[in-house]
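In what follows, chains are A, B, ... by sequence order, proteins preceding strands, each numbered from 1. These numbers come from a predicted model, not from an experiment.
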Amino acid sequence: MSTTAEKKAGFGSVLWDYLTTVDHKKIAILYLVAGLFFFILGGLQAMLIRIQLIAPDNEFISAQFYNEVLTMHGTTMIFLAAMPLIFALMNAVLPLQIGARDVAFPFINSLGFWLFFFGGIFLNISWFAGGAPDVGWTAYAPLSLFSESHGVDYYSIGLQITGFGTLMGGINFIVTVVNMRAPGMTYMRMPLFTWTSFIASVLILFAFPALTVGLFLLTFDRLFGGNFFDPEMGGNVIIWEHLFWIFGHPEVYILILPAFGVFSEIIPTFSKKRLFGYSSMVFATILIAFLGFMVWAHHMFTVGLGPIANSIFAVATMAIAVPTGIKIFNWLFTMWGGSIRLTSPMVMALGFIPTFTIGGMTGVMLASAAADFQYHDTYFVVAHFHYVIVGGTVLGIFAGIIYWWPKMFGTMLNEKLNHWFFWLFFIGFHLTFFFQHFLGLMGMPRRYWKFLPDQGLDLFNLISTIGAFGMAIGTIIFLINVVMTQMKGEKVSGDPWDARTLEWAIPSPPPFYNFKQEPLVRGLDALWVEKMQGNGKIQPAEPLGDIHMPNRSFVPFVISLGLFIAGFGVMYQGAMWILAAIGFGTTAGAMLYRSVKDDIGYHVHKEELEEEGDGSNG
Amino acid sequence: MAEDVLKSGNLPENPERATLEGRNKFMGFWFFLGGETVLFASLFGTYLALRNSSVDGPTGEEIFGLGLVFLMTVILLTSSLTSVYAMYHMKNNDFKKMQLWLGITVLLGFAFLGLEIYEFVHYVNDYGFGFTTSAFSTAFYSLVGFHGAHVAFGLVWIISLMIRNHKRGLNLYNAPKFYIASLYWHFIDVVWVFIFTVVYLMGKVG
């Protein structure tokens, strides 16, 4: 992924470059690599689950290991794969789409990545330290209190560290959008991906602190003798469920909104039409985010909150179908009458729409509180959330990676292999999860290690496992494609898709300062406006001048490493308290260093800039 | 040029928002405080759910003393006022007076923290009311302790800013830093007003 010049510079200097970078484009690559790594890890765990369930009474893996694999599959996929891959796209694209030279807080951007990374590593060390968490990714109390290994402690501390990073990333993108837009880039001219990322960041800001508190309470109860979830001491186990889902429900919108944004970029580009109903798309995004905060208890219908609370949350949940429906129809109307090119991102968008609609429909079914007593904790729920998360978020992420790959790396993934990837993954996906709806309706509970023979569950479970292999082969083809493309290293132009938005107006990959001169935005789909009404190039908003850039820094890595070390001390206690002292000391020292050491950045001078080209994609 | 932000003297009217970096910090910190609000709201919610779950341990009504808490409240609210004076002098480009008022703020903060530590020690020693006594005690120490930890962090923050800049005075680079530290201090104060009401007043009479 490095250019020839960097290869000559040697492995050590490239490594140091990435360890200290504050450039959003390089941080995007870090998020992409780490996210794909964890995606593969979570995928392997999914394969173990499906192989165990290939036949009744199977003994492929033990019950305890099954519980660990199942917990880590969910936790890894949500926190360590989907979130960072979304952050990869946001980092790679969002500043370019609004014409900014970097994000608002480049240092914090880097800190966010390293916190996520060390949190993820911390969580996975549990495999080698007496057992991974084994209580499901939701870690409901009191089960989480009775788990004997340190697995749940790895869960609570690891996610705590990761969560800090995510929160910082969210604040960073909010401020970037509010303060860093180029001249003429009004809110209602922002591309939809920027809009949805912006709203998702707002959700992160208000949702993650609830998880932070929940994880603190869990840590206090397990490691420091607290009584939050211990009924004998007056505690209440439902508090965890509330806090977890006050975070957890907005979290699913954090995952899906950026994917909506990706498809809202892809569909207009390959239909050669502007997005139908742009302002209603923006409005629907905000409405989904708003409603997303008041539906959390629909995960808790069977807890016994009472018919009035259940009814209110049921109606609020069903209401979300309205703005989501607006989006579905807007995408369809964008394609209506367009001149459609069936590139792989576009085909993925076409696969996404019906898949997500099915997931949305089962969502409305689940929202009906009375019926939910039948569906609750069955494979029907498993099928539902995989339809929206894989059919929505994961397809969106891969469509986004393929679509913006040229912008990130300057090369183009092989289209033929992209199509193979999509079709294997897509057909495999429907084989895996479509039949799980029926398994659930037939009464098969989720998270069970085994099922008994001759209960009508055998065939659908077998088909489901076969489908999972299809998804795995598809993913392998994607990885082969990545390796082959980067080995070949064939460069493409700055605008290979003939696209519409600002990021395509500069070379691929962009120079480290992004825009040589601040761009002047003259309408929605800024580049398309210039292609139709101008000379095809974005006009500058300022004369060529010095560019202010942030300094690189190793401090984010050190701050995160400190918390990583401290986590072990807090967990093992006793003589290991020394680790907590070292870790927290390192973090505090690095933060103090950051605070007292001036970091005012540097300037790229006008004379150096003049020697290079005009900064457009031509 | 980049180094210009380090020159002191002749600052504009709102030095904390005069540069893009300053504006970003200013806005980012407000959003951060929004997240902190959710954090404390979650802790308050937990506390409200558990405030009557004292099982065999002491109840809030038995142990809370409004006299001490009133004193702590007065001290912390006053420290908020003194930090406003400090920001007033920052905007008038009077660095010495700003440092003075920040110093008073810090002293009041230490007084508050000392009284809070005294309060906790008192509960543990005289009433056997420790972190693990009951669900109520765990919720109480978590909520009030989180606030106390925020106060301690704020003190370290303001002191390190005062020491770092005492020789060179105000400039466009450190003005936003002082400003957001004072924002943080106000936030801590607002949270305490809620703790005073929800924990202590409601614990005594509610």
Side-chain angles (χ1 to χ4, degrees), chain A residues 103-105 108 167-168 170-172 174-176 178-180 201-202 204-214 216-217 220-221 224-236 238-240 242-243 246-247 293 546 548-551 588 591-592 595-603, chain B residues 1-6 19-21 23-32 34-46 49-50 52-57 130-139 141-143 145-146 153 156-157 160-161 163-165 168 171-174 177 181:
Chain A
V103 290
F105 306 109
I108 285 180
L167 185 62
M168 288 175 196
I171 294 174
N172 193 1
I174 296 174
V175 179
T176 304
V178 175
N179 271 359
M180 308 277 284
S201 302
V202 174
I204 287 174
L205 174 63
F206 292 114
F208 267 75
L211 177 73
T212 305
V213 171
F216 268 126
L217 304 192
F220 288 167
D221 265 21
F224 299 99
N227 302 311
F228 288 112
F229 310 130
D230 184 355
E232 278 181 29
M233 301 298 284
N236 185 339
I238 304 302
I239 292 172
W240 167 266
H242 277 298
L243 288 177
I246 286 171
F247 146 76
F293 268 106
D546 292 356
H548 181 231
M549 297 301 293
N551 289 327
M591 284 170 72
L592 191 65
S595 179
V596 301
K597 183 100 170 65
D598 289 344
D599 179 13
I600 50 174
Y602 66 97
H603 277 92
Chain B
M1 293 312 295
E3 291 73 25
D4 286 352
V5 296
L6 295 180
T19 61
L20 178 63
E21 284 73 19
R23 278 196 297 279
N24 285 346
K25 272 190 185 141
F26 178 77
M27 177 164 291
F29 203 78
W30 270 107
F31 283 115
F32 172 74
E36 287 265 274
T37 305
V38 179
L39 183 121
F40 277 103
S42 304
L43 286 166
F44 273 109
T46 307
L50 298 175
N52 294 319
S53 304
S54 47
V55 203
D56 301 329
F131 184 73
T132 59
T133 306
S134 62
F136 163 62
S137 77
T138 311
Y141 282 115
S142 297
L143 171 59
F146 254 89
F153 184 84
V156 173
W157 185 4
S160 65
L161 280 179
I163 294 175
R164 170 66 184 92
N165 296 298
R168 65 174 173 181
N171 56 41
L172 291 179
Y173 180 71
N174 60 25
K177 294 187 173 206

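The part of B:Ala49 that comes within reach of chain A is its side chain, from C-beta onward, which places non-hydrogen atoms under 4.5 angstrom from that chain. Looking at B:Lys177, the atoms closer than 4.5 Å to chain A (heavy atoms on both sides) all sit in the side chain, from C-beta outward. Using a 4.5 Å cut-off between heavy atoms, B:Tyr173 touches chain A through its side chain atoms alone. Interface residue A:Phe224: backbone and side-chain heavy atoms are both found under 4.5 Å from chain B. Neither the backbone nor the side chain of A:Ile108 comes within contact range of chain B; no heavy atom of the residue lies under 4.5 Å from a heavy atom of that chain. Only the side chain of B:Phe153 has a heavy atom closer than 4.5 Å to any heavy atom of chain A. For A:Asp598, the parts lying near chain B are the backbone and the side chain together; criterion is any non-hydrogen pair under 4.5 Å. Within the 4.5 angstrom heavy-atom criterion, no atom of A:Phe208 approaches chain B. Residue contact with chain A, scored on non-hydrogen atoms closer than 4.5 Å, involves the backbone of B:Thr133 exclusively. Only the side chain of B:Val55 comes within less than 4.5 Å of a heavy atom of chain A; its backbone N, CA, C and O stay farther away. Of the atoms belonging to A:Asp230, not a single heavy atom falls under 4.5 Å from chain B. For A:Ile204, no part lies under 4.5 angstrom from a heavy atom of chain B. At a 4.5 Å heavy-atom cutoff, the contact between B:Leu50 and chain A is made by side-chain atoms alone. Within the 4.5 angstrom heavy-atom criterion, no atom of B:Phe40 approaches chain A. Both the backbone and the side chain of A:Leu205 come within less than 4.5 Å of a heavy atom in chain B.
In terms of non-hydrogen atom pairs under 4.5 Å with chain A, the most contact-rich of B:Val38, B:Ile163, B:Asn24, B:Leu39 is B:Asn24. Ranked by non-hydrogen atom pairs under 4.5 Å with chain B, the options A:Gly170, A:Ser595, A:Ala588 are led by A:Ser595. Comparing A:Ala207, A:Pro231, A:Gly214, A:Gly226 by heavy-atom pairs within less than 4.5 Å of chain B, the highest count is held by A:Gly226. Most heavy-atom pairs under 4.5 Å with chain A: of the set B:Arg164, B:Met27, B:Arg23, this distinction falls to B:Arg164. The candidate from A:Ile174, A:Thr176, A:Leu167 with the greatest count of non-hydrogen atom pairs under 4.5 Å with chain B is A:Ile174.
Side-chain contact between B:Phe31 and A:Val175 is present, with heavy atoms from C-beta onward closer than 4.5 Å. The side-chain heavy atoms of B:Lys25 and A:Phe105, taken from C-beta on, include a pair separated by under 4.5 Å. Inter-residue side-chain proximity for A:Met233 and B:Thr132 is flagged as unmet; no heavy-atom pair is nearer than 4.5 Å. Proximity of B:Ser134 to B:Asp56: side-chain heavy atoms (C-beta onward) are nowhere separated by under 4.5 Å. Contact of the B:Glu21 side chain with the A:Ile600 side chain is not registered, since no non-hydrogen atoms from C-beta on lie closer than 4.5 Å. In this structure the side chain of A:Val213 never reaches within 4.5 angstrom of the side chain of B:Phe146, judged on heavy atoms. When side chains are defined from C-beta on, B:Leu161 does not count as touching B:Asn174, because their heavy atoms never get closer than 4.5 Å. Counting heavy atoms from C-beta outward, B:Ser142 and A:Phe220 have side chains that approach closer than 4.5 Å.
Residue B:Leu43 holds its CG atom at 10.0 Å from OG1 of A:Thr212, rounded to the nearest 0.5 Å.
Between the side chain of B:Thr138 and the backbone N or O of A:Asn227 there is at least one donor-acceptor pair closer than 3.5 Å.
At most 12 heavy atoms of other shown residues, nucleotides or ligands fall within 6.0 angstrom of atom CE in A:Met591. Heavy-atom contacts from other residues, nucleotides or ligands closer than 6.0 Å to CH2 of B:Trp30 number 12 or fewer.
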